[in-house]
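These numbers come from the heavy atoms of this one structure, side chains and all, not from hydrogens, waters or symmetry mates.
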Amino acid sequence: MKKLVIFDLDGTLAESKSPIDAEMQVLLQKLLGIMKVAVISGGDWPQFKKQLLSEFTLNNSFNNLFILPTCGTKLYEYNKGWSKLYSEDFSTAEKEKIVYSLNEAAETIDLKIVKTWGDVVEDRGSQITFSALGQDAPLEIKKQWDSSFAKRKKIKEILDNLIPEFSIRLGGTTSIDVTKLGIDKAYGIKKLQDILGIALNEMVFIGDALFPGGNDYPVKEMGVTSIQISNPEETKKIIETIIAMG
């Protein structure tokens with residue numbers, strides 16, 4: 001039996017930028033009653049509060065919950081309130097170089113995007129995120145834009161040459177996440193390992209981007225048991241199985 005279940009957020013626990021539904025909330029609450037749970041995603045802390053934490057009715061469930069925003073470049077724990085344990089932030093110069101490179105790569109590919117919704121490039125402190133259609137694009141449009149990740153893989157190839165000193169991963173439905181080199185979801189999991197004293201073989205990770213270049217892939221690569229899912233409905237079935245085994 002595993003001691004820690006780690007989830008991706010968008011596409012795994014919830015649809016992109018959407019709150020978890022009532023069924024998922026009940027399942028997670030039951031899971032938190034029997035074991036420790038971590039959620040790690042490209043979104044920043046406000047996004048976690050909106051999509052995940054605001055849906056819970058009992059704060060005492062949070063004692064077993066650990067939140068890792070921006071692909072594990074930050075970590076929050078709960079002890080009579082949420083507190084941030086670390087944040088691997090960029091310098092101003094690093095941010096400027098990343099933003100310039102993202103724009104250059106997107107222009108080189110010529111994505112032929114007619115309309116965007118909200119910020120295309122977002123500074124999340126410890127992560128710069130490129131969202132091709134904008135942060136607030138409608139979910140159905142985002143799902144259709146690059147479901148095979150092919151467009152973003154082309155952008156990543158250019159970025160790997162422009163800014164090789166940073167980690168570049170694909171995530172969500174239209175996003176590319178840039179963090180400090182080696183500061184990715186695997187880094188966040190190592191932090192959890194040290195803080196909680198839980199071995200890698202006592203963890204299981206559930207996510208939708210476990211392919212090479214995906215922002216979940218570093219977790220699989222480090223040897224954590226990983227389960228690839230396609231949508232939150234598949235995740236619910238896995239949680240139900242874990243609860244039944246517990």
Side-chain angles (χ1 to χ4, degrees), residues 1-88 124-127 171-172 184-200 202-208 215-216 219 224-227 229 232 234-246:
M1 186 64 185
K2 303 294 185 181
K3 294 183 179 179
L4 173 66
V5 183
I6 308 157
F7 296 97
D8 174 45
L9 181 54
D10 277 353
T12 301
L13 291 179
E15 296 289 359
S16 179
K17 298 293 178 70
S18 302
I20 60 172
D21 65 25
E23 185 182 9
M24 184 67 80
Q25 186 271 326
V26 170
L27 287 170
L28 287 175
Q29 197 119 351
K30 289 180 180 178
L31 188 62
L32 286 164
I34 62 172
M35 65 194 309
K36 296 187 183 301
V37 173
V39 184
I40 183 168
S41 180
D44 206 351
W45 176 246
Q47 197 65 36
F48 276 87
K49 289 197 289 185
K50 175 184 173 184
Q51 287 185 256
L52 181 67
L53 303 179
S54 64
E55 301 305 308
F56 282 86
T57 55
L58 300 173
N59 282 358
N60 59 5
S61 299
F62 294 159
N63 292 325
N64 266 349
L65 181 61
F66 299 85
I67 302 295
L68 296 99
T70 51
C71 292
T73 61
K74 301 174 184 177
L75 172 61
Y76 288 78
E77 69 172 358
Y78 189 85
N79 184 11
K80 298 179 181 178
W82 288 102
S83 58
K84 183 166 62 176
L85 299 185
Y86 71 84
S87 182
E88 303 290 354
R124 298 176 179 174
S126 56
Q127 177 180 291
D184 52 22
K185 288 191 177 182
Y187 178 88
I189 302 308
K190 288 174 186 173
K191 286 283 192 178
L192 278 178
Q193 180 185 21
D194 294 340
I195 291 166
L196 301 179
I198 296 175
L200 296 182
E202 296 174 314
M203 304 177 183
V204 59
F205 177 82
I206 300 164
D208 66 334
N215 66 6
D216 295 333
V219 183
V224 174
T225 300
S226 299
I227 302 173
I229 55 85
E234 290 184 12
T235 303
K236 289 175 185 177
K237 293 177 183 176
I238 294 169
I239 297 175
E240 288 170 349
T241 301
I242 295 171
I243 293 170
M245 290 171 61

Exercise for review: Would you list the pairs meeting salt bridge (charged side-chain N to carboxylate O under 4.0 Å, His left out) in which at least one residue belongs to residues 11-24, sequence neighbours left out?
Suggested key: E15-K143, D21-K236, E23-K236
Practice item. Compare all side-chain heavy atoms of L68 with those of I6 and state whether any distance is below 4.5 angstrom. Key: no
Review point. Heavy atoms, side chains only, cut-off 4.5 Å: are F7 and L31 in contact?
Key: yes
Practice item. First locate atom CZ of R124, then atom OG1 of T73, and finally report the distance between them rounded to the nearest 0.5 Å. Key: 10.0 Å
**Study point:** Point-to-point distance, once rounded to the nearest 0.5 Å, from CD of Q51 to OG of S41
**Key:** 7.0 Å
Check your understanding: To the nearest 0.5 Å, how far apart are CD in E240 and NZ in K30?
Key -> 8.0 Å
Point to revise | Over 12 foreign heavy atoms within 6.0 Å of NZ, K2 | key: yes
Check your understanding: Given side chains that start at C-beta, do those of I195 and L75 come closer than 4.5 Å, heavy atoms only?
Key -> yes
Check your understanding: Do V204 and I238 have side chains that get closer than 4.5 Å, going by heavy atoms?
Key -> no
Point to revise | Pairs involving residues 59-83, ordered by first then second residue, that meet salt bridge (charged side-chain N to carboxylate O under 4.0 Å, His left out) (sequence neighbours left out) | key: D44-K74
**Study point:** Side-chain heavy atoms of M24 within contact of I239, under 4.5 Å
**Key:** yes
Review point. Side chains of M35 and I242: closer than 4.5 Å at any heavy-atom pair?
Key: yes
**Study point:** Spatial distance of atom NZ (K50) from atom CD (E55) [nearest 0.5 Å]
**Key:** 11.0 Å
Exercise for review: Mind checking the CG-CG spacing from L27 to L13? Nearest 0.5 Å is all I need.
Suggested key: 10.5 Å
Check your understanding: For V224, does its backbone N or O pair with a side-chain atom of S226 as donor and acceptor, under 3.5 Å?
Key -> yes
Check your understanding: Is there side-chain contact between L28 and L65, with at least one heavy-atom pair below 4.5 Å?
Key -> no
Point to revise | Reference residue D8; test side chain to side chain contact (heavy atoms under 4.5 Å, CB included); the match among D216, V39, I206 | key: D216
Revision key, fill the gap. For V219 and A186 the tightest heavy-atom approach is CG2-N, 4.3 Å
Point to revise | W45 side chain near K84 side chain, heavy-atom distance below 4.5 Å | key: no
Check your understanding: Say you draw a straight line from CG of L192 to CG of L200; how long is it, rounded to the nearest 0.5 Å?
Key -> 10.5 Å
**Study point:** Polar side-chain atom of T235 near backbone of T12 as donor-acceptor pair, under 3.5 Å
**Key:** yes
Study note, to complete from the structure: From the list L4, I227, I40, side chain to side chain contact (heavy atoms under 4.5 Å, CB included) partner of F205 resolves to I40
Review point. Y78: what forms a ring pair (Phe, Tyr, Trp, His ring centres under 6.0 Å) with it, not counting sequence neighbours?
Key: F62, W82
Practice item. Check whether any side-chain N or O of E202 sits under 3.5 Å from a backbone N or O of A199 as a donor-acceptor pair, and report yes or no. Key: yes
